[in-house]
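Before any comments, here is the structure.
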Amino acid sequence: MIIGIRDTQELLSGKWKTEIIGALYYRGKMRFMDLKRQLAGIAPKVLSKELKDLEMNHLISRTVLDTMPITVEYELTVQGKSLNTVIEAMAKWGINYRRQLFEK
């Protein structure tokens, strides 16, 4: 079990990867600039790197559309979508935690 936790942490390490996956999970297919707007504070260079890492690990797919200018869309792969229970659990835990902080 511990090695599974370690593998998951390595795949999702960094400040932005889980937020990117969450945005794609809740909003579906998105373009680069839509993701950037969704993730307040992320630099374009960092977003690009994180997207490449997630694509390399088969968690997202990148589709280049034949438009002028070229449009790139990102979406979760089947493997990325399998993180739904993790994303849902994190979202619920975070909401409950925030509620408890502000109720005091």
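Note that the structure is a prediction, hence the values are computed from the model and not measured.
More than 12 heavy-atom neighbours from other residues, nucleotides or ligands sit within 6.0 angstrom of CG on Leu65.
By the rule that hydrophobic residues join a cluster once side-chain heavy atoms approach within less than 4.5 Å of another member, Ile70 and Met33 end up as members of one cluster. Residues Val64 and Leu35 share a single hydrophobic cluster, defined by chaining ILVMFWY side chains whose heavy atoms lie under 4.5 Å apart.
Looking only at side-chain heavy atoms (C-beta outward), Leu11 and Asp7 stay at 4.5 Å or farther from each other. Using a 4.5 Å heavy-atom cutoff, the side chains of Glu75 and Ile60 are not in contact. Taking 4.5 Å as the limit, some side-chain heavy atom of Lys36 sits within range of a side-chain heavy atom of Pro44. Side-chain atoms of Lys49 and Leu51, non-hydrogen and from C-beta on, never get closer than 4.5 Å to each other. Using a 4.5 Å heavy-atom cutoff, the side chains of Tyr26 and Ile87 are in contact. Side-chain contact check for Leu47 versus Ile20: some heavy-atom pair is nearer than 4.5 Å. Counting only heavy atoms from C-beta outward, the side chains of Glu73 and Met30 never approach each other to under 4.5 Å. Residues Leu12 and Ile21 have side chains in contact (heavy-atom distance under 4.5 Å, counting atoms from C-beta outward).
Of the N and O atoms on the side chains of Tyr25 and Glu88, at least one donor lies less than 3.5 Å from an acceptor on the other residue.
Checked by atom type and distance alone, the side chain of Thr8 pairs as donor or acceptor with a backbone atom of Gly4 at under 3.5 Å. Side-chain atoms of Thr77 come within 3.5 Å of backbone atoms of Leu59 as a donor-acceptor pair (strictly under, hydrogens ignored). When atom types are taken as modelled, the side chain of Ser13 and the backbone of Glu10 share a donor-acceptor pair closer than 3.5 angstrom.
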Check step by step if side-chain contact (heavy atoms from CB on, under 4.5 Å) holds for Phe32 and Val72.
CA-CA 7 Å; Phe32 184 89; Val72 180; 5.6 Å; no
Would you sort out whether Leu24 and Lys29 count as a side-chain contact (heavy atoms from CB on, under 4.5 Å), showing the intermediate values?
CA-CA 6 Å; Leu24 292 171; Lys29 190 183 299 185; over 6 Å; no
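Partners of Lys81 under the salt bridge (Lys or Arg N to Asp or Glu O under 4.0 Å) rule, at least two apart in sequence or in another chain, do not exist in this structure. The salt bridge (Lys or Arg N to Asp or Glu O under 4.0 Å) search around Lys17 returns Glu50, Asp53, not counting sequence neighbours. Every residue meeting the salt bridge (Lys or Arg N to Asp or Glu O under 4.0 Å) condition with Arg37, not counting sequence neighbours, appears here in chain and number order: Asp34.
For the atom pair CG (Asn57) and CD (Gln79), the distance works out to 10.0 Å, reported to the nearest 0.5 Å.
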